[in-house]
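Computed from a predicted structure; not experimentally measured. Remember, it's 1-based here, ligands and their atoms both numbered in the order they're listed. One-based numbering along the sequence shown.
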Amino acid sequence: MYDRILIRFGDLTLKGKNQSDFIKLLYKMLEEKLSGLPVELEKKHDHAYVILNGYDYNKVIERLDLVAGIYSYSLVKKIARDLDILKIEALNYINELIKEPTTFKVETKRADKTFPLTSMEVSKLVSAHLLKNNQNLKVDVHHPKLELKIEVRSDGIYLFNGQIRGLGGYPTGIAGKGLLMLSGGIDSPVAGFLAMKQGIKIECIHFESTPLTSIESAQKVIDLVKVMAKYAPNNKILLHMVPFKDLHMALLDKIPESYNITVMRRMMYRIATLVAQKHKDLVLINGESVGQVASQTLQSMATINEVTNMPVIRPLATYDKVDIIALSRKIKAFDISIKPFEDCCTVYVPKAPATAPRAYKARHFEEAIPYVDLVNEAVENTKSIWISKELDLDLSMYGLEVGEALAEYNKTK
Ligand code: ATP
Ligand code: MG
């Protein structure tokens, strides 16, 4: 019964050029995510329609849910600007929707003021017709279970009911580019999704310690980037794989156990900062959440954050784990995130990590390792690879160590 989907845009409190940039990029993303479907996009100034051409609207909605910047959408039937047709079509619409007694209300908006009846008159006319012809209906103007909306426009009359919330936020890319520190866990992919939803185009950085850790743990990261790539411009994201093994071993060897994690994370921040500068990423993004684990107390964050002067965005800082998990499921990352492969943060986890590590102590302990050289080496040997949403890459087919495996894989292309 629906022939189109009405799309309402997000934050239109934006003004002037910001608003036109928002809409331009939103249309670009919509076109991209809808491509391949037999539908058409009809662009208006502050809203849009997807013309279904008979195609399943559920499949279109799946695509719309990949586009940040959509405030909401509604399933719509467009009809001719004729009162008799309106009465017939409104009744068909309701008959198909309603199978049991319910309360309703008709609400009309008249975008085209040349229409002979006022909004109120249209609503009255249609509700009287519906009441007379469908015994299941009762009017309730305050808390109706169903609200039939009628929009009279110059090119036709639009019928719909209900609004489905879209992703909200801003079209991905409008805010600039950031570097997401991506582990194989639950939190960081969700942080990446939230950053993209807020308009940030992301690149990802992963610190891998193969063969100290398994190649499968690096594969998880690739699979998680594929999941996030669905939301990204052109359906792909650049992943920087940093060989972290040498630093990791030096750490395990030279740093007191309780400061292991603190120093390890300081090294990660140092490397991420250099990689971000090289690739012109303006901010770092990560999955830290206040209080979750020892390394995420405020004191710990301060001690770790000391090594960078880049802004660090922590979308999950104040989120509860249950809410993070719900988002992880929603973006379909959860089943990958919970696969049981250890990564560099789970190998040799100290029994009693410092919960209030101090910066001066971290600085002191770090002197035991030649970290400036090790950090630079790690940056130099970083392998960057574009991950598209349909990339077919199984690292374990090519080796046990990520650098080698990627080199072998590249030979096959
Ligand atoms: P996650 O679920 O994202 O792994 P977590 O709760 O396990 O997070 P930590 O292991 O302390 O927390 O890591 C905090 C954040 O540091 C992660 O969310 C991620 O952004 C970053 N991080 C941790 N390990 C790595 C890694 N190997 N490579 C890149 N980033 C990492
Ligand atoms: Mg983790």
- Query: Is it true that the side chains of Q277 and T273 contain a donor and an acceptor less than 3.5 Å apart?
  - Reply: no
- Message: Please classify the L182 to ligand 1 contact at 4.0 Å (heavy-atom distances, strictly less than): side chain, backbone, both or neither.
- Response: backbone
- Message: Under 3.5 Å between any N/O of I205 and any N/O of ligand 1: does that happen in this structure?
- Response: no
- Item | Ring center gap for Y27 and F9 short of 6.0 angstrom | yes
- Counting each atom of ligand 1 from 1 as listed, which ones have a heavy atom of Q296 under 4.0 Å away? 6 (O), 9 (P), 11 (O), 12 (O), 13 (O), 14 (C)
- Just which atoms of ligand 1 are under 4.0 Å from any heavy atom in I186? 2 (O)
- Go through ligand 1 atom by atom and flag the ones less than 4.0 Å from a non-hydrogen atom of G185. 1 (P), 2 (O), 4 (O)
- Task: Of the side chain and backbone of L180, name the one, both, or neither that has a heavy atom under 4.0 Å from an atom of ligand 1.
- Result: neither
- Item | Pick from R265, E288, R314, E208: the one approaching atom 13 (O) of ligand 1 most closely through a non-hydrogen atom | R265
- Task: Verify whether one side chain among N286 and R265 offers a donor that lies under 3.5 Å from an acceptor in the other.
- Result: no
- Could an N or O of ligand 1 be found under 3.5 Å from any N or O of G287, whether backbone or side chain? yes
- Task: Could you check whether the rings of H279 and H240 sit parallel, tilted or perpendicular, using 30° and 60° as the cut-offs?
- Result: tilted
- Message: So, regarding P189 and ligand 1 (criterion: nitrogen or oxygen to nitrogen or oxygen, under 3.5 Å), is there a contact or not?
- Response: no
- Task: Would you mind listing which atoms of ligand 1 come within a distance below 4.0 Å of any non-hydrogen atom of N286?
- Result: 20 (O)
- Item | Side-chain H-bond candidate by donor/acceptor type, R81 with S154, under 3.5 Å | no
- Task: Could you say whether the N/O atoms of K321 and ligand 1 ever approach to under 3.5 Å?
- Result: no
- Query: Looking just at side-chain N and O atoms, do T355 and T297 make a donor-acceptor pair shorter than 3.5 Å?
  - Reply: no
- Quick check: are there more than 12 heavy atoms from other residues, nucleotides or ligands sitting under 6.0 Å from NZ of K113? yes
- How far apart are the C-alpha atoms of E306 and R363, what are their side-chain angles, what is the distance that settles it, and do they pass the salt bridge (Lys or Arg N to Asp or Glu O under 4.0 Å) test? CA-CA 10 Å; E306 182 200 54; R363 263 180 253 138; 2.4 Å; yes
